[in-house]
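Quick notes on the structure that follows.
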Amino acid sequence: MTVLIIGGSGFLGAELIQQAATAGHVTAATYATRPGTASHAVWYPLDLRDPGRVDAVMAEVGADLVVNASSGDADWAVTAQGPVRLAMAAATYGSRLVHVSSDAVFSGARVHYDESCLPDPVTPYGAAKAAAETGILLVDPRAVVARTSLIIGDGDSVHERVVHELATGTREGVLFTDDIRCPVHVADLAAALLELACGDAVGVHHLAGPDAVSRHELGILIARRDGLDASRLPTGLRAHSTLPGPLDVRLDCRATQRKLRTTLRGAHQFCTTPA
């Protein structure tokens, strides 16, 4: 099988490349600014805002499976319109599409969200992600939209770097005690995405860990795992900040987890061993 990873130079994209190649798949990947370091992928520059380039890459790769792990933040042209453009190209070339979405599509008003919950975003990024979901499934109802949460690794994710910098005093800021999510390990997420892709799953799925923790609680787990002084992590309340966005969003992944062989571990489990 030929697999194309959109956003292969990112944190999740790099893990997807590694796992796809290890599974024996012919692997290609795209980048927006510079290629990643994986030597077992063929790299293609891609701007999702350019329909001609999207079509050209899809035609050249001839992928059986396309996994969109790209992130355009709140840029509507990249985050909302780009994935729909990709879905149209995937449909044209007969490729199966798995799109990675976010818990940012929810407001937090109901706290617990399963796959049947409709998006109600409160930020531009969340609105762009929600629009992409809707557009993709209109273009291709057999596509997979996989919502996830904070993605953690073994010391190399953005969230982990922030914890290290705060604990060592090289960064200013706080970790919120009222900002709650369900973190997932990047290896579990990548394995689950590829498992869904290789099966007959369609529609919306939730892929996050079972443990709901605050940013500060997650920071403590990471600091203890990595031998840092967790007492040095400064705390604050997001509700008292000017940052927009939901406070408490917990993805209920039980329905999806029942379909998977891959276990989506919680933060208390995957943060128990040293990085």
Side-chain angles (χ1 to χ4, degrees), residues 1-102 124-125 127-148 151 186 189-190 193-199 201-203:
M1 180 167 69
T2 299
V3 178
L4 173 62
I5 309 299
I6 308 297
S9 57
F11 181 53
L12 173 59
E15 181 67 26
L16 283 163
I17 291 171
Q18 179 62 46
Q19 292 196 23
T22 299
H25 302 308
V26 176
T27 307
T30 72
Y31 62 93
T33 54
R34 59 183 182 273
T37 58
S39 60
H40 34 260
V42 179
W43 290 94
Y44 297 85
L46 177 65
D47 184 340
L48 285 174
R49 296 169 296 184
D50 182 348
R53 183 59 186 161
V54 171
D55 186 78
V57 171
M58 290 293 294
E60 185 170 345
V61 174
D64 302 293
L65 166 65
V66 178
V67 182
N68 181 24
S70 64
S71 175
D73 298 320
D75 186 325
W76 188 266
V78 176
T79 304
Q81 296 173 328
V84 178
R85 192 171 290 117
L86 184 64
M88 295 171 67
T92 297
Y93 291 99
S95 304
R96 177 159 167 74
L97 177 64
V98 174
H99 172 74
V100 181
S101 190
S102 167
Y125 172 67
K129 279 292 195 182
E133 290 187 5
T134 300
I136 287 168
L137 293 176
L138 282 173
V139 170
D140 182 5
R142 297 195 61 78
V144 172
V145 169
R147 297 176 183 140
T148 191
I151 307 174
V186 65
L189 176 57
L193 287 167
L194 292 173
E195 186 178 341
L196 287 174
C198 293
V202 299

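Every value quoted in this text rests on a predicted model; they were computed, and no experiment measured them.
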Listed pairs under 3.5 Å, donor-acceptor, residues 53-64 side chains, sequence neighbours left out:
unit_1: R53; atom_1: NE; unit_2: P45; atom_2: O; d: 2.8
unit_1: R53; atom_1: NH2; unit_2: P45; atom_2: O; d: 3.0
unit_1: D55; atom_1: OD1; unit_2: Y93; atom_2: OH; d: 3.0
unit_1: D55; atom_1: OD2; unit_2: Y93; atom_2: OH; d: 3.2
unit_1: D64; atom_1: OD2; unit_2: T2; atom_2: N; d: 2.8

As an exercise, state the distance from CG of N68 to CG of L86, rounded to the nearest 0.5 Å. 5.5 Å
Pairing residues for E133 by the side-chain contact (heavy atoms from CB on, under 4.5 Å) criterion, not counting sequence neighbours: S101, V105, P119, V145, R147
Would the distance check show the side chain of D73 and the main-chain N or O of D75 forming a donor-acceptor pair, the cut-off being under 3.5 Å? no
Would you name the heavy atoms of A20 and L194 that are closest together and state the gap between them? N-CD1, 3.9 Å
Please report the closest heavy-atom contact between L48 and R85, naming both atoms and the distance. O-NH1, 2.6 Å
Applying side-chain contact (heavy atoms from CB on, under 4.5 Å), can you list everything that pairs with A201, at least two apart in sequence or on another chain? R96, V144, L196, H205
Nearest-0.5 Å distance that lies between atom CG in L12 and atom OG in S71: 10.5 Å
If you take all heavy atoms of A131 and W76, which pair is closest and at what distance? CB-CH2, 3.5 Å
Write down the atom of A132, the atom of V84, and the distance for their closest heavy-atom approach. O-CG2, 4.1 Å
Is there side-chain contact between M88 and P51, with at least one heavy-atom pair below 4.5 Å? no
Tabulate below the donor-acceptor pairs under 3.5 Å that side-chain atoms of residues 134-142 make, not counting sequence neighbours, or state none.
unit_1: T134; atom_1: OG1; unit_2: A130; atom_2: O; d: 3.2
unit_1: D140; atom_1: OD1; unit_2: R142; atom_2: N; d: 3.0

Closest approach of V78 to G72 (non-hydrogen atoms, all atoms of both residues): CG1-CA, 3.7 Å
Going by salt bridge (Lys or Arg N to Asp or Glu O under 4.0 Å), name the residues that satisfy it together with D47, two or more places apart in sequence or in a different chain. R49
L4 vs S95, test: side chain to side chain contact (heavy atoms under 4.5 Å, CB included). Steps then yes/no. CA-CA 10 Å; L4 173 62; S95 304; over 6 Å; no
Which donor-acceptor pairs under 3.5 Å do side chains of residues 27-37 form with protein atoms, sequence neighbours excluded?
unit_1: T27; atom_1: OG1; unit_2: H25; atom_2: O; d: 3.0
unit_1: T30; atom_1: OG1; unit_2: G7; atom_2: N; d: 3.1

Closest heavy-atom pair, L193 versus A146, reported as atoms and distance to 0.1 Å, is CD2-CB, 3.6 Å
Spatial distance of atom OG (S9) from atom CD1 (I17) [nearest 0.5 Å]: 8.0 Å
